[in-house]
Amino acid sequence: MTCKNFIKAVVTSFAMTAIFAPVATQAETLRVMRGAPSSALNVPMNRAVVVESDTPFTELSIANPGIADISSLSDRTIYVLGKEPGRTTLTLLGGDGRLITNVEVHVTPDIAEFKERLTQILPGENIEVRTANNGIVLSGTVSSIARLDRAMELAQRYAPERVSNLMSVGGTQQVMLKVRFAEMQRSVSKSLSSSIALQGTGLGGNLGMSGGSNTLSNSGAVTNAFTGSIPTNNANNGAFLFGFNAGGVEVGILLEALESRGVVRTLAEPNLTALSGQEAKFLAGGEYPIPVSQDNGAITIEYKPFGVELNFTPRVIDNDVINLELSAAVSSIDSTNGFTANGFTIDAFKRRETSTTVEMRDGESFAIAGLLQDDFMDLNGQVPWVGDIPILGSLFRSAEYARNQTELVIIVTPHLVTPTRGEVLALPTDRVQPPSERDLFLFGRVAADKAPQKGGAGEVARQDFSGSYGYVLDD
């Protein structure tokens with residue numbers, strides 16, 4: 001292609017761009033005046049501008065062709081095409097070889113198209129777009145973190161790894177998490193055992209025998225039984241001891257029975273508030289000391305937390321949807337599974353925990369964890385061979401039955417919250433005041449109830465409620 005044809009192609013391309021391009025994206029025009037300093041020329045990336053000079057030039061050059069490309073349309077007009085973000089210098093020389101001017105060329109990302117796309121994707125958001133060096137700067141206030149992330153992702157398409165975020169998130173960005181831990185434990189155990197002991201001088205010599213459960217398995221227990229005392233190692237709720245003499249033989253029979261039932265109810269409702277994107281922690285319980293042996297033989301103490309534990313990180317995303325990343329645990333000391341070593345008795349821990357991520361709106365609830373555990377044990381023990389004898393063998397057998405059931409459920413409810421005035425909040429101690437000496441010594445009152453007088457709590461206390469309301473506690 002000849003130089004003349006190239007110039008015609010460039011002019012045709014530029015004319016078509018000027019005709020079909022939107023008004024907001026038309027190329028800039030900079031006039032280079034004789035004797036006046038040239039201002040900086042801003043060229044959008046992948047767009048072109050035209051530079052005109054009132055003095056004819058014979059030679060022009062660009063310092064960095066990788067940033068901008070140039071071509072002469074005439075001896076007074078230059079076509080500048082932005083290629084890569086950056087800065088370079090355009091030099092114009094006259095016919096006598098003297099310098100006409102140096103034009104500083106700034107090639108920046110095409111924010112005109114970016115602004116248009118940003119308005120289409122995120123309408124109504126107050127986002128300001130500027131260029132800085134070879135990158136994009138975003139500022140303003142957006143309504144949610146999700147919209148901020150969308151704006152940043154779109155900006156990365158136009159200026160990869162060159163986007164500065166100065167935006168802030170407006171609206172309510174504090175989340176209060178209400179968690180309800182509810183646990184029920186039921187246990188039932190039954191046992192029935194019998195023991196028999198013989199003692200005397202029958203069969204031509206001393207006679208001594210005992211059998212059945214372990215209650216009469218030692219000589220001390222047999223001696224107590226024949227003297228009318230129930231053995232001290234009896235742990236059952238009911239025991240029946242009787243005996244008789246058959247000639248020179250004393251017979252003692254011990255029947256033991258156990259039936260126990262238990263119900264345990266555990267309920268905790270921790271409430272915790274955190275800023276969107278920040279982690280919050282809660283522990284209601286304590287710390288258990290555990291001895292740890294060191295390399296030099298010394299013993300140090302480490303503390304292990306137990307009780308109701310809650311860690312969560314809320315994130316408020318688009319349309320008041322709350323993303324919750326949380327972990328919850330309920331633990332307690334279990335002394336039945338501990339061990340003793342080197343003079344230290346260390347208890348075990350019973351722990352139920354969950355870790356999950358959920359999304360819900362303000363005020364909605366999720367049951368994030370549920371546990372139904374049913375342990376069953378049935379044990380039948382007897383003295384070998386003797387326990388198989390009909391009727392009489394029942395005195396040499398023992399049976400045990402135990403069943404433990406546990407139900408645990410964890411329900412979470414997030415709320416978007418804002419701060420309020422301190423006087424509208426009531427404390428549990430607001431209704432209690434120390435008694436006077438008259439109330440304490442004459443009437444035996446250890447505390448006197450008082451109603452709040454100020455703020456919202458006082459307004460509620462002055463209201464007259466009719467009918468049933470509040471909580472009903474059954475003893």
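For the pair V308 and L310, the minimum side-chain heavy-atom distance is 4.5 Å or more. The side-chain heavy atoms of I322 and I317, taken from C-beta on, include no pair separated by under 4.5 Å. With contacts defined as side-chain heavy-atom distances shorter than 4.5 Å, the pair R162/P85 qualifies. Put simply, the side chain of V105 does not reach to within 4.5 Å of the side chain of I67, judged on heavy atoms. Counting heavy atoms from C-beta on, the side chains of I368 and T354 come closer than 4.5 Å. In this structure, E104 and H106 have side chains that are in contact, with non-hydrogen atoms separated by less than 4.5 Å.
For Q174 against P419, the heavy-atom pair with the smallest separation is NE2-CD, 3.5 Å. What you find for H415 and D362 is that their closest heavy atoms are CA-OD1, 3.0 Å. Across all non-hydrogen atoms, the minimal contact from P305 to L283 is CB-CD2, 3.8 Å. When every heavy atom of S187 is checked against every heavy atom of N404, the shortest pair comes out as CB-OD1, 3.0 Å. Nearest heavy-atom pair across N42 and P44 is O-CD, 3.9 Å. Here the shortest heavy-atom pairing between P65 and A63 reads CD-O, 3.7 Å.
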Please assess L166 against V137 for the test side chain to side chain contact (heavy atoms under 4.5 Å, CB included), listing each intermediate value before the final yes or no.
CA-CA 7 Å; L166 300 180; V137 178; 3.6 Å; yes
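Ion pairing between a basic and an acidic side chain is recognised when a charged N comes within 4.0 Å of a carboxylate O; K190 and E400 show no such pairing.
With sequence neighbours excluded, the residues satisfying side chain to side chain contact (heavy atoms under 4.5 Å, CB included) with D149 are I145. In this structure, the ring pair (Phe, Tyr, Trp, His ring centres under 6.0 Å) partners of Y158, at least two apart in sequence or on a different chain, are F114. For T413, the side chain to side chain donor-acceptor pair (under 3.5 Å) partners are S365, not counting sequence neighbours. Taking the side chain to side chain contact (heavy atoms under 4.5 Å, CB included) definition, one finds that S327 meets it with N311, S355, sequence neighbours left out. The ring pair (Phe, Tyr, Trp, His ring centres under 6.0 Å) check on F376 picks up Y401, with sequence neighbours excluded. Taking F312 as the reference, nothing meets the ring pair (Phe, Tyr, Trp, His ring centres under 6.0 Å) condition, with sequence neighbours excluded. Among residues two or more places apart in sequence or in another chain, the side chain to side chain contact (heavy atoms under 4.5 Å, CB included) test is passed with D295 by none. Taking A329 as the reference, E309, R351, E353 meet the side chain to side chain contact (heavy atoms under 4.5 Å, CB included) condition, with sequence neighbours excluded. With sequence neighbours excluded, the residues that form a salt bridge (Lys or Arg N to Asp or Glu O under 4.0 Å) with D374 are R403.
By the neighbour-count criterion of 12 heavy atoms within 6.0 Å, atom CD of E407 is densely surrounded, having more than that number from other residues, nucleotides or ligands. By the neighbour-count criterion of 12 heavy atoms within 6.0 Å, atom CD of E302 is sparsely surrounded, having that number or fewer from other residues, nucleotides or ligands.
Residue D69 holds its CG atom at 5.0 Å from NZ of K83, rounded to the nearest 0.5 Å. Considering OG of S335 and CZ of F349, their distance stands at 11.5 Å, rounded to 0.5 Å. Rounding to the nearest 0.5 Å places CZ of R157 at 13.0 Å from CD of E113. With values rounded to the nearest 0.5 angstrom, R180 atom CZ is found 6.5 Å from E269 atom CD. To the nearest 0.5 Å, atoms CG (L326) and CG (L272) are separated by 11.0 Å. The line from CD of Q156 to CD1 of I136 is 9.0 Å long, rounded to the nearest 0.5 Å.
The salt bridge (charged side-chain N to carboxylate O under 4.0 Å, His left out) analysis of residues 129-144, with sequence neighbours excluded, yields the pairs E128-R130. Note on residues 322-346: pairs passing salt bridge (charged side-chain N to carboxylate O under 4.0 Å, His left out), not counting sequence neighbours, are R315-E325. Residue pairs satisfying the side chain to side chain donor-acceptor pair (under 3.5 Å) criterion with at least one member in residues 280-294, sequence neighbours excluded, are listed as follows: Y288-D347, Q294-T300.
The closest donor-acceptor contact from the side chain of E364 to the backbone of R361 lies under 3.5 Å. Between the side chain of T313 and the backbone N or O of G277 there is no donor-acceptor pair closer than 3.5 Å. Of the possible polar contacts, one joining the S276 side chain to the V316 backbone as a donor-acceptor pair under 3.5 Å is found.
Between M360 and the options N323, V412, V321, a side chain to side chain contact (heavy atoms under 4.5 Å, CB included) holds for only V412.
Looking at E183 and Q185, their side chains do bring a donor and an acceptor atom within 3.5 Å of each other.
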